[in-house]
Amino acid sequence: MYEMDGEEIFVIDGHVHMWDAREENIIHEGGEQFLQCFYDYHTGFTPEEEQWDIDTYRHYGADRMTEDLFGNAAADMAIFQPTYLDDFYDEGFNTTEQNAELAEEYPERFVLNGSFDPRDGEEGLRYLEHLKEEYDIPGVKLYTAEWRGDSKGWRLDSDDAFDFLEKCAELGIENINAHKGPTIRPLNRDAFDVEDVDDAASSFPELNFIVNHVGLPRLDDFCWIAAQEPNVYGGLAVASAMSTHRERKFGEIMGELLFWLGEDRILFGSDYALWNPDWLVDQVMNAELTDEQRDEYGVELDVDTMKKIMGENAAELYDIDIEAKKRQFRDDDITERFDLGAHYGGDAGAAAD
């Protein structure tokens with residue numbers, strides 16, 4: 001648990017992946033372009049001393065991931081968001097099954113989401129049912145710009161997508177995480193447009209639509225949609241990285257989100273391994289609005305606000321009892337592995353920074 005002004009903040013990293021972009025897994029030039037674009041984002045918004053070499057970035061593995069997320073207790077829990085990209089990668093880039101291996105090793109620390117693609121039709125509906133039955137997934141991650149044969153994307157407000165959203169509602173898969181943000185080469189920018197969230201959210205009020213990357217670079221469009229749809233949330237992955245070299249821009253983004261959505265519908269995410277909560281949590285927690293931004297938006301990044309953004313809002317969506325987790329983490333496997341007992345109020349270890 002991170003400390004801010006003497007108060008503990010339970011951090012749930014709402015957007016993490018464990019991907020495999022090794023050259024032997026790439027079957028289409030788009031796979032290499034995709035990874036290189038990711039790496040450009042990584043180097044562009046990561047402090048120089050925290051940057052990874054490209055080989056580590058391609059495939060960091062479970063041990064590295066666990067240490068990066070939890071080793072210094074910057075994050076307390078994390079939510080897997082799969083991105084399949086089967087046309088680019090032989091075994092997929094980051095699938096539910098791959099993520100499940102680590103999530104099942106540390107079930108108290110990870111939330112495992114699944115995915116669907118409406119272009120898969122009846123087979124895809126059966127796969128969604130399988131994911132619920134096999135892993136009891138509470139949510140899905142959707143990648144509307146993913147290529148599939150001759151198709152270079154799909155829409156969340158299409159009839160086929162509605163069939164899958166109806167299935168999610170039927171199965172109790174309530175959290176619909178949609179990538180609606182910056183494009184990644186060679187995917188099409190317009191296929192990530194946020195506008196299709198509007199009809200989907202109003203048509204399925206029983207579902208929660210977490211818009212990852214808050215629609216960037218279409219922040220205004222996202223805010224106007226979210227302001228009228230109470231079941232639309234903003235995921236800060238990518239936006240949170242702006243807290244490094246674009247502090248004023250980050251303040252602008254947070255000001256707009258807090259003004260339009262309020263503090264109850266914003267969720268922190270590192271987008272690991274694009275960026276690492278090991279240092280990013282500290283950057284976000286120490287971010288400040290300018291005086292002009294405070295005056296314009298009438299908001300503050302105070303402790304109570306950050307508690308919600310950094311963990312409590314995700315806990316509400318995913319039915320996580322934070323106080324119970326704190327007690328559980330006093331002596332779980334992660335605490336034992338990284339000597340974090342004192343950090344969670346146990347007997348062993350030393351408090352994390």
Side-chain angles (χ1 to χ4, degrees), residues 1-2 10-22 24-25 34-35 38-39 41-43 45-47 49-85 89 91-115 135 137 139 141 177 179 212 235-238 240-241 267-284 310-311 314 318 320 325 329 332-340 343 352-353:
M1 290 172 291
Y2 190 94
F10 192 88
V11 176
I12 301 174
D13 190 334
H15 198 123
V16 303
H17 327 79
M18 187 169 66
W19 67 60
D20 182 358
R22 289 175 290 187
E24 57 266 32
N25 193 35
F34 188 91
L35 187 279
F38 262 27
Y39 193 61
Y41 278 120
H42 170 74
T43 56
F45 289 96
T46 301
E49 66 274 13
E50 302 288 352
Q51 293 177 16
W52 294 7
D53 64 80
I54 187 66
D55 289 334
T56 302
Y57 201 70
R58 287 185 183 279
H59 185 67
Y60 37 89
D63 288 342
R64 172 72 188 254
M65 180 176 189
T66 306
E67 181 171 0
D68 286 340
L69 293 179
F70 309 123
N72 76 341
D76 300 291
M77 294 183 66
I79 302 173
F80 273 120
Q81 307 286 7
T83 308
Y84 282 48
L85 297 174
Y89 299 93
E91 300 293 332
F93 180 66
N94 163 49
T95 69
T96 305
E97 289 79 6
Q98 291 163 348
N99 293 336
E101 294 183 14
L102 190 54
E104 291 177 339
E105 184 176 357
Y106 301 108
E108 72 281 5
R109 295 281 183 163
F110 286 104
V111 174
L112 180 68
N113 279 335
S115 185
Y135 303 113
I137 57 171
K141 164 69 180 300
N177 295 267
H179 178 116
N212 294 312
L236 286 179
V238 174
S240 59
L267 283 70
F268 170 74
S270 70
D271 221 343
Y272 183 88
L274 269 85
W275 300 283
N276 192 335
D278 184 37
W279 58 265
L280 183 58
V281 167
D282 191 62
Q283 290 286 132
V284 172
M310 300 303 290
Y318 287 93
I320 296 168
K325 286 292 182 181
F329 292 171
D332 75 332
D333 290 344
I334 291 292
T335 293
E336 293 294 326
R337 176 177 170 183
F338 298 112
D339 203 18
L340 301 175
H343 178 69
D353 293 334

Novice: Please report the interatomic distance CD(Glu101) to CG(Leu112), rounded to the nearest 0.5 Å.
Specialist: 11.0 Å
Novice: Drop me the distance from Asp339's CG to Arg337's CZ, to the nearest 0.5 angstrom.
Specialist: 13.0 Å
Novice: Does the pair Val284 and Met310 meet the rule for a side-chain contact (heavy atoms from CB on, under 4.5 Å), with working shown?
Specialist: CA-CA 9 Å; Val284 172; Met310 300 303 290; 4.1 Å; yes
Novice: Is Glu91 reaching over with its side chain to a backbone N or O of Gln98, donor-acceptor style, under 3.5 angstrom?
Specialist: no
Novice: Roughly how far apart are Phe80 CZ and Asn94 CG, rounded to 0.5 Å?
Specialist: 8.0 Å
Novice: Could you check whether any side-chain N or O of Asn113 sits under 3.5 Å from a backbone N or O of Ile137, counting only pairs where one atom can act as donor and the other as acceptor?
Specialist: no
Novice: At their closest point, which heavy atom of Gly114 faces which heavy atom of Pro82, and how far apart are they?
Specialist: O-CG, 3.3 Å
Novice: Under 3.5 Å, is there a donor-acceptor pair between the side chain of Asn276 and the main chain of Trp279?
Specialist: no
Novice: Return yes if some donor-acceptor pair links the side-chain N/O of Asp20 with the main-chain N/O of Arg22 below 3.5 Å, else return no.
Specialist: yes
Novice: Minimum heavy-atom separation for Ala241 and Phe45, please, with both atom names.
Specialist: O-CD2, 3.8 Å
Novice: Can you name the closest pair of heavy atoms from Met18 and Met65 and give their distance?
Specialist: CB-SD, 3.6 Å
Novice: Classify the ring geometry of Tyr106 against Phe110: parallel below 30°, tilted from 30° to 60°, perpendicular beyond 60°.
Specialist: tilted
Novice: Restricting to non-hydrogen atoms, name the atom on Ala74 and the atom on Asp278 that form the minimum distance, rounded to 0.1 Å.
Specialist: CB-CA, 4.1 Å
Novice: Ignoring hydrogens and geometry beyond distance, is a side-chain donor-acceptor pair present between Asn99 and Thr96 at under 3.5 Å?
Specialist: no
Novice: Give me the atom names and distance for the closest heavy-atom approach of Ala75 to Phe70.
Specialist: O-CD2, 3.3 Å
Novice: Is there side-chain contact between Phe338 and Asn72, with at least one heavy-atom pair below 4.5 Å?
Specialist: no
Novice: Is Trp19 reaching over with its side chain to a backbone N or O of Tyr57, donor-acceptor style, under 3.5 angstrom?
Specialist: yes
Novice: Is the backbone of Ala237 close enough, under 3.5 Å, to the side chain of Asp271 for a donor and an acceptor to pair up by distance?
Specialist: no
Novice: Ignoring hydrogens and angles, state whether a donor on the side chain of Tyr272 or Asp13 is under 3.5 Å from an acceptor on the partner side chain.
Specialist: no
Novice: What I'd like to find out is whether the side chain of Tyr89 reaches to under 4.5 Å of the side chain of Leu35, using heavy atoms alone.
Specialist: yes
Novice: Mind checking whether Phe329 and Phe10 have parallel, tilted or perpendicular rings, split at 30° and 60°?
Specialist: parallel
Novice: Just verifying a value: how many Å separate Lys325 NZ and Asp76 CG, rounded to the nearest 0.5 Å?
Specialist: 10.5 Å
Novice: Between CZ of Arg64 and CH2 of Trp52, what distance do you get to the nearest 0.5 Å?
Specialist: 4.5 Å
Novice: May I ask you to test the Glu97-Tyr135 pair for a side-chain heavy-atom distance under 4.5 Å?
Specialist: yes
Novice: Might you work through the side-chain contact (heavy atoms from CB on, under 4.5 Å) test for Val16 and Ser270, ending with a clear yes or no?
Specialist: CA-CA 7 Å; Val16 303; Ser270 70; 4.2 Å; yes
Novice: Working to the nearest 0.5 Å, report the span between CD1 of Ile54 and NE2 of His42.
Specialist: 8.5 Å
Novice: For the side chain to side chain donor-acceptor pair (under 3.5 Å) test, which of Gln81, Lys141, His15 pairs with Asn177?
Specialist: Gln81
Novice: Parallel, tilted or perpendicular: which fits the ring planes of His17 and Phe38, with parallel below 30° and perpendicular above 60°?
Specialist: tilted
Novice: How about Tyr41 and Thr46: does a side-chain donor come under 3.5 Å of a side-chain acceptor?
Specialist: no
Novice: Kindly indicate whether the side chain of Arg109, heavy atoms from C-beta on, has any atom under 4.5 Å from the side chain of Leu69.
Specialist: no
Novice: For residues Leu280 and Ser240, determine if any side-chain heavy atom of one lies less than 4.5 Å from a side-chain heavy atom of the other.
Specialist: yes
Novice: Flag the pair Val111 / Ile12 as yes when at least one side-chain heavy-atom distance between them is below 4.5 Å, and no otherwise.
Specialist: no
